[in-house]
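Sequence positions, counted from 1, serve as the residue numbers for this chain. The model shown is predicted, which means the values in this text are computed figures rather than measured ones.
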Amino acid sequence: MLVHLSVHNYAIVEHLDLELKRGMSVISGETGAGKSIMLDALGLALGDRADSSVVRIGADKADILASFDLDDIPDARAWLAERDMDSEGPCILRRVITAEGRSRGYINGTPCPQGDLKALGELLIDIHSQHEHQSLLKADTHRRLLDEYSGSQELARQVQLAAQRWRQTRQSLERLSNSSDEQRARHQLLSYQLEELENLALGEHELEQLEHEHKNLASAEQLLGACRQVMELCSESDAGNVLSALTASLQRLAAFQNQPGALVEAINLLASAQIQVEEAMGELNRFVDHFDADPERQQMLEERLDTIYTLARKHRVQPPELPGLHQQLLEELENLNADDEAVERLGEELAAYARHYEEKAGELSRIRQAAAEQLAAAVEAEIQRLGMPGGRFSVQLKPAAEGEYQPFGLEQVEFLVSANPGQPLRPLAKVASGGELSRISLAIQVITAQTSRVPTLVFDEVDVGIGGPTAEIVGQLLRRLGERGQVLTVTHLPQVAAQGHHHLFVHKARGSDETRTAVAELDHGGRIEEIARMLGGVDLTEQSLAHARQMVGAAQA
């Protein structure tokens, strides 16, 4: 339960330290004194949203700290243990909001996001406010309250998660299935193209080698002709050739005796040239004699190259890019095959999620059916006690539309009420007046709180629109809840305040230059005076004091 609340520089609260106890604690005070400020600050420690406007004017930050005894809250202890945030002694939630609007949260001194404060806070405190009167007109609220009453919130969450997974899987499956016709056509095309490329079987560096060999074979005739021309010029022409000319030249020069040195050198060079030309002719003769043009090989090369070039043009790539294209098409085909496998896998997953949803939703539906009757009977009994004699209340479960798994389960939940005898049951939003709605809302909140696993319940002016004898019954209901745990209730009704085990009085402390909100725990005498004030106004009379004593005494008895 909540054992301590410390508030610094929040709104008009400069400093507030409260020790809180088991039982029903009443919070009262004059209008505008800030009765709800304390609960608003507590809400921040529990993860509510905040901005810089909550910081007291002139302060640099607001600091709220709430301490809880977790002895009777095993769910909260387990939550902390899972996150290695548990510690000896009380659990401390802290929230700091700076004047610049920055917010920081802490659990047992460990920094944490706002979401963690909220998640843990839901295990520690259940807050009911007058705003729930309006939310009670929404069907979503009806379903939530029924699930809370039946203790099936976790099962409802599993149903919601199962529906979400089923819907996501179905969307993925539809997306793949809708493209299956295009994929089949693409699959056929890729298979044909890959077959062509595989039949081509273009080897590494093969194209370069083919082109080089083809180039050589294509120039073979020209090369052979050139060799024969050179042989004709050098040794075979009857009209004159190089060897004949060299031989004649040597004979003429050698006819002279006692040649000068320079002439000897010229003769030697001509003789060397004659030898070189004769050797060259020998090489050319050997080349020509052994030369094989191989026209069949040339034709084969031309056909192979033509196949390669044609396939490259067909795919609009350069011939050297064909191996890369083959790998690219192969990967695309594998992806298409993977999509086919994914369709099969998603179909199996969809069926599994459907079975899981039907199992969980069916279980939740059975629990709701049983709890609906119990909740309706309990609320009906309470609204009759709360000034609606003859009033009837029913929880209707309407099957959800078929064809899709809904996150809320197999049925819609709606509260029906008949405020007066003889009137038919009708939807709550179409029947209840403001005062009736307050009574019905309070009855539902009290009944659902009785089944809550959260030991601390907060009621913030839930008795608005209620007075007279009904107010005393409201107080008795809240006191009854306080006897099983801890109840904090903000009220303006003396009949409710008299039922409290403890009484906190909120008032304004006015200084020389500012006004602050302060909270004091009233002793027995102060409590009698506060209830008398609530009964009769500012001026206390013996009659109002006597009435207050009687009310407190009756409540304690």
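Ile107 and Cys112 get closest at one heavy-atom pair: CG1-SG, 3.5 Å. For the pair Leu2 and Ala66, the tightest heavy-atom approach, listed with the atom from each and the gap, is CD1-CB, 4.0 Å. Nearest heavy atom pair, residue Ala156 against residue Asp147, reads CB-OD2, 3.6 Å. Of all the heavy atoms in His142 and Val413, the pair that sits closest is CB-O, 3.6 Å. The minimum heavy-atom distance between Val96 and Lys61, with the atom names listed, is CG1-CD, 3.8 Å. Residues Pro90 and Ser67 approach most closely at CB-CB, 4.4 Å, considering heavy atoms.
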Run the side chain to side chain contact (heavy atoms under 4.5 Å, CB included) test on Leu93 and Ile64 for me, step by step, so that the C-alpha distance in whole Å, both residues' side-chain angles and the decisive distance to 0.1 Å come before the verdict.
CA-CA 8 Å; Leu93 276 63; Ile64 301 102; over 6 Å; no

Any chance you could lay out the salt bridge (charged side-chain N to carboxylate O under 4.0 Å, His left out) test for Asp51 and Arg102, step after step, and finish with the verdict?
CA-CA 8 Å; Asp51 55 46; Arg102 293 191 298 273; over 6 Å; no

Check against side chain to side chain contact (heavy atoms under 4.5 Å, CB included), Ile440 and Met388
CA-CA 9 Å; Ile440 296 168; Met388 294 176 62; 4.1 Å; yes

Side chain to side chain contact (heavy atoms under 4.5 Å, CB included) between Gln499 and Gln476, worked out
CA-CA 6 Å; Gln499 296 289 334; Gln476 292 171 357; 3.8 Å; yes

With salt bridge (charged side-chain N to carboxylate O under 4.0 Å, His left out) as the test, would you mind laying out the steps for Arg480 and Glu382 before giving the verdict?
CA-CA 13 Å; Arg480 194 170 73 209; Glu382 292 298 345; 3.3 Å; yes

Side chain to side chain contact (heavy atoms under 4.5 Å, CB included) for Lys118 and Asp48? Distances and angles first, verdict last.
CA-CA 7 Å; Lys118 196 169 189 66; Asp48 287 351; 3.7 Å; yes

What verdict does the ring pair (Phe, Tyr, Trp, His ring centres under 6.0 Å) test give for Tyr357 and Trp166, after you've listed the backbone C-alpha separation in whole Å, the side-chain angles of each residue and the deciding distance to 0.1 Å?
CA-CA 8 Å; Tyr357 176 88; Trp166 178 85; 7.6 Å; no

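A donor atom on one side chain and an acceptor atom on the other are not found under 3.5 Å apart for His4 and Ser6. A donor-acceptor contact under 3.5 angstrom links the side chains of Glu358 and Tyr405, judged on distance only. For Arg313 and Thr310, the side-chain atoms include at least one donor-acceptor pair closer than 3.5 Å. Looking only at atom types and distance, the side chain of Arg104 has a donor-acceptor partner in the side chain of Tyr106 under 3.5 Å away.
For His356 (side chain) and Val159 (main-chain N/O), no donor-acceptor pair under 3.5 Å exists by modelled atom type. For Ser418 (side chain) and Gln423 (main-chain N/O), a donor-acceptor pair under 3.5 Å exists by modelled atom type. The backbone N or O of Leu457 sits nowhere less than 3.5 Å from a side-chain atom of Gln486 that would complete a donor-acceptor pair. Checked by atom type and distance alone, the side chain of Arg56 never pairs as donor or acceptor with a backbone atom of His8 at under 3.5 Å. The main-chain N or O of Gly391 is found under 3.5 Å from a side-chain atom of Gln384 such that the two form a donor-acceptor pair. Side-chain N or O atoms of Gln114 include one that pairs as donor or acceptor with a backbone N or O of Gly47 at under 3.5 Å. Between the Ser365 side chain and the Ala361 main chain, no donor and acceptor come within less than 3.5 Å of each other. Under the 3.5 Å distance criterion, the side-chain polar atoms of His501 are left unmatched by any main-chain donor or acceptor of Gly23.
Interatomic distance, CG of Leu416 versus NZ of Lys430, reported as 10.5 Å (0.5 Å rounding). Taking CG from Asp75 and CG from Leu80, the interatomic distance works out to 11.0 Å, rounded to the nearest 0.5 Å. If you take NE2 on His502 and CG on Leu488, they are separated by 9.5 Å, rounding to the nearest 0.5 Å. Here CG of Asp60 is found 12.0 Å from CD1 of Ile97. Values are rounded to the nearest 0.5 Å. Expressed to the nearest 0.5 Å, how far CE of Met1 lies from OG1 of Thr456 amounts to 7.5 Å. Distance check: Ser150 OG to Leu375 CG gives 9.0 Å after rounding to the nearest 0.5 Å.
Looking at heavy atoms from C-beta onward, Leu504 lies in side-chain contact with Met38 at the 4.5 angstrom threshold. Using a 4.5 Å heavy-atom cutoff, the side chains of Glu414 and Gln396 are in contact. Side-chain contact between Thr491 and Ile27 is absent, with no heavy atoms from C-beta onward closer than 4.5 Å. Tyr10 places none of its side-chain heavy atoms less than 4.5 Å from the side chain of Leu16. Contact check for Leu46 versus Leu117: no side-chain heavy atoms found under the 4.5 Å cut-off. Two residues are said to be in side-chain contact when any heavy atoms from C-beta on lie closer than 4.5 Å; Leu20 and Val3 fail this criterion. Val487 has its side chain within reach of Phe459: a pair of non-hydrogen atoms, C-beta onward, lies under 4.5 Å apart. In this structure, Arg368 and Leu364 have side chains that are in contact, with non-hydrogen atoms separated by less than 4.5 Å.
We find that Arg95 and Asp63 are not joined by a salt bridge, their nearest charged nitrogen and carboxylate oxygen being 4.0 Å or further apart. A salt bridge links Glu404 with Arg167: at least one charged nitrogen is closer than 4.0 Å to a carboxylate oxygen. A salt bridge is defined here as a Lys NZ or Arg NE, NH1 or NH2 lying under 4.0 Å from an Asp or Glu carboxylate O, and Asp69 with Arg22 fails to meet this definition. Salt bridge Glu148/Arg144: present, at least one basic N to carboxylate O contact under 4.0 Å.
Remark: Glu154 CD is packed, more than 12 non-hydrogen atoms of other residues, nucleotides or ligands lying under 6.0 Å away. Within 6.0 Å of the CD atom in Glu373, the count of heavy atoms belonging to other residues, nucleotides or ligands does not exceed 12.
For the pair Arg77 and Trp79, the NZ or CZ position fails the cation-pi test of under 6.0 Å to the six-membered ring centre and within 45 degrees of the ring normal.
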